[in-house]
Each structure stands twice: as C-alpha cells, then as structure tokens.
2 protein chains.
Amino acid sequence: MEADRGVLKEFEEKARVLGIKITPQRLAIYQELARRYDHPSVEEVFAPLREIMPGLSMATVYRTLRFFEEKGLIQRVPSVDDKVRYEGEKAPHAHFVCEKCGRIIDLEVDFSPCLDLKVMESRGLSPKRWELVIYGLCSKCTSS
Amino acid sequence: MEADRGVLKEFEEKARVLGIKITPQRLAIYQELARRYDHPSVEEVFAPLREIMPGLSMATVYRTLRFFEEKGLIQRVPSVDDKVRYEGEKAPHAHFVCEKCGRIIDLEVDFSPCLDLKVMESRGLSPKRWELVIYGLCSKCTSS
DNA sequence: ATGGTTGCAAACGCTTTGCATAACG
DNA sequence: CGTTATGCAAAGCGTTTGCAACCAT
C-alpha cells in the first residue's frame, strides 16, 4: 500500500517532468513493472493487469511499454527468446540466462576495464552502451 | 576458385565426420557463409544463392542454417534487429552495432578476467558462453 | 475543445511446419 | 532401397497499425 502510494507519486512526478499524460492504463503498467523484479514479456505484464482491468488491450500494453522505454522510464532486456522483455529502471548490469529453464538473473559485472576503448577509437567507433548476456545453468538446473 | 575448392574439401570432411548428408543446397549455403565476412540474415544468404540456384527455397535456407548451427558449423549472431543472423566459424568475440546504419562489426574483446566467476559460483551459476553487444556509432556515421 | 490515447481487429514480417516429391548414401 | 532433404504453400507467432470512439488536460 505504502509502496504503491510511493510509486504513484513517483509516476506522477516523472510524467509531469516528461510532459506525458497520465491514464489509468499507463499507471497500472508502470506500477506492475515497478513492483516486479523479473524480466516480464509483454504478455506477462498484460495477464495480471487484465484481471483488475478487464478492458485492457494487448495493443495498449505494447504501445505503452515501447513508449515508456523511449522516455527512459524502463529498459528493454536484450532479447533471449525472441520476445520483447522489459525491466524497471536499474543501473547497467548483465544478464544470466539459464539454458534449461529460461530464468533470467541480473548480474553485476564490471567489465569496463576490459573494454579496449583505444582499439575502438582507433577504428573510429563511438561506443554508447552495451549488452552482456551469459548463458549457462542456474543453481536449480545444475543440481537436478 | 582455389579458395572455393578448399571450402568444398573442408565441407566434405566436416560432413563426413559429423555423418551428415551432402546436398547441393547445403554446400551452396555453407560456401556462401564461408566466403562472407559479415553477419547475413537468412534472406541475405538466400538472395545471392537464388541467382545461381533458382529452385532454392527459403524454407531450406532456414532449415539448413539452423541445422548447421546445431552441428556447430556456424554461429548465430545475437539478435540485434529481430532477425536471425549467422556468421561463419570464428573464435569467441563481441559485436559492435551501429545504431544509425545497423552495421555489425566483429570486436576482439577479452573480458574474461572481468567475469567474476567466484560470484557466479557462489550463486550456483554455471556459465557456458556469453554474448556481448556494444552499441554506438561506427566511423562512417560518426563523421557524417 | 482537441490532441493524444485506447480498444478492436486486421495486417504484418519473420519463421516454422505438413506434406508430397526428389535425392543422397 | 530406405532414410532424409527439398519445395511449396499454409499456418504460426509476436508485434504493429488503421481507425473510430474516448478521455485527459
């Protein structure tokens, strides 16, 4: 409850700053993503919301998530299964994907010292951001 | 010519070892990928081959590339534009993707010392392989 | 008032699949 | 020969879009 109120205020503030309209759908989608710590696909965001908002349409969820991402409110997860996935605002991090169960785990990896910026500069490349995905087996799938 | 003959022998040898059938389509697809140094989509593999092999079907190209990948003959490129892309056999490397023109550039990045294996082990994760994609602007797009 | 947002359904693009035919080993 | 690969067309799937109705501001 309190957390929800915090998220509500947070969203209102951000919407105001960005100059975007607040609608019940947008608020619900924002809240759903804010309270989850996984990496839901569009369908996975849509399904629980539909329970409490029966009129909600997939098209709106698709549009809204894309819209939020353009505004920098959320981030797109590097595609690991040919579905669009999102996660809330977080610091840059890597993802570990279990090849067996598909679980996606956030990973703190500071590999910036290993990026040879000089080599990239010498090739005229201007790096802006990166995506690192590590594949393997998670703890559950290793032991079973 | 000589190079082609080399690739032909190479493919025959590998097919023999793997126990897979050699067909004109498979040979053509293998050669096409072997002589390119980019990261073609299925369509981009198909188009030039169709010129010299009019009966060739997209379905075959899809199936064959997937088959080659399963056999370890080629590699799938981390999806950067929601299309399946492949590249020939190469040592592990990263990819630089130009956000403006979409060009994909191979990058030698040895960041293994930066992967904190102990942290992953302590979490019960067993890493097998990784994909690193760096986004930014390429030399052409930086200067224009 | 009015420009932006929604829901619906249709369209879309890429990829996969069922099936009959053809071809490799 | 028996098994496997091919071509064709149709289906599949996630995603996007056109449009009329609707709603924040």
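Only heavy atoms go into these numbers, but all of them, side chains included; no hydrogens, no water, no symmetry mates. Here is the naming used below: chain letters follow the sequence lines, and residue numbers restart at 1 for every chain.
- Between the CD atom of B:Glu69 and the C1' atom of C:dT16 there is a distance of 15 Å, rounded to whole Å.
- Within 6.0 Å of atom NZ in B:Lys9, 12 or fewer heavy atoms from other residues, nucleotides or ligands are found, so the atom counts as exposed in its surroundings.
- Using a 4.0 Å cut-off between charged side-chain N and carboxylate O, A:Arg50 and A:Glu43 make no salt bridge.
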Should B:Leu137 and A:Lys128 be marked as a side chain to side chain contact (heavy atoms under 4.5 Å, CB included) after you check the CA-CA gap, both sets of side-chain angles, and the distance that decides it?
CA-CA 8 Å; B:Leu137 292 178; A:Lys128 295 260 193 301; 4.1 Å; yes
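- With respect to A:Arg66 and A:Glu69, no salt bridge is recorded, no charged nitrogen being found less than 4.0 Å from a carboxylate O.
- B:Arg129 contributes atom CZ, which lies 6.0 Å from atom OH of A:Tyr135 (distance to the nearest 0.5 angstrom).
- Only B:Ala59, B:Tyr62, B:Arg63, listed by number, bring a heavy atom of residues 39-65 of chain B to less than 4.0 angstrom from any atom of DNA chain C.
- We find that A:Arg76 and A:Glu70 are not joined by a salt bridge, their nearest charged nitrogen and carboxylate oxygen being 4.0 Å or further apart.
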Would you tabulate the nitrogen or oxygen pairs shorter than 3.5 Å linking the protein to nucleotides 10-12 of chain C?
none

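- Residues from residues 9-29 of chain A with heavy atoms under 4.0 angstrom of DNA chain C, sorted by number: A:Lys21, A:Thr23, A:Gln25, A:Arg26.
- Between the A:Thr64 side chain and the A:Val61 main chain, no donor and acceptor come within less than 3.5 Å of each other.
- Among pairs with a residue in residues 70-110 of chain A, those fulfilling ring pair (Phe, Tyr, Trp, His ring centres under 6.0 Å) read A:His39-A:His95, A:His93-A:His95, at least two apart in sequence or across chains.
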Checking side chain to side chain contact (heavy atoms under 4.5 Å, CB included) for the pair A:Ser144/A:Lys100: CA distance, chi angles, key distance, verdict?
CA-CA 11 Å; A:Ser144 62; A:Lys100 197 168 171 189; 4.0 Å; yes
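- In plain terms, the two heavy atoms of B:Phe68 and B:Ile29 that are nearest each other are CE1-CG2, 4.1 Å.
- In this structure, the side chains of A:Ile104 and A:Asp38 stay at 4.5 Å or more apart for every pair of heavy atoms.
- One can place CG of A:Asp82 at 8 Å from P of C:dT15, the figure rounded to the nearest angstrom.
- A salt bridge is defined here as a Lys NZ or Arg NE, NH1 or NH2 lying under 4.0 Å from an Asp or Glu carboxylate O, and B:Glu44 with B:Lys83 fails to meet this definition.
- A donor-acceptor distance shorter than 3.5 angstrom exists from the side chain of B:Ser57 to the backbone of B:Ala59, with no hydrogens or angles considered.
- A rotation axis mapping the C1' atoms of four pairs onto the next four is fitted at both ends of the helix from C:dA1-D:dT25 to C:dG25-D:dC1 over five pairs, and the angle between these axes is 40° to 10 degrees.
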Give the C-alpha distance, both sets of side-chain angles, the deciding distance and a yes or no for side chain to side chain contact (heavy atoms under 4.5 Å, CB included) between A:Thr23 and A:Arg26.
CA-CA 5 Å; A:Thr23 69; A:Arg26 285 183 175 176; 3.3 Å; yes
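- Using modelled atom types, one finds a donor on one side chain and an acceptor on the other under 3.5 Å when comparing A:Glu10 with A:Tyr30.
- Nucleotides of DNA chain D that come within less than 4.0 Å of any heavy atom of chain A span, from the 5' end to the 3' end, D:dG14 to D:dT25.
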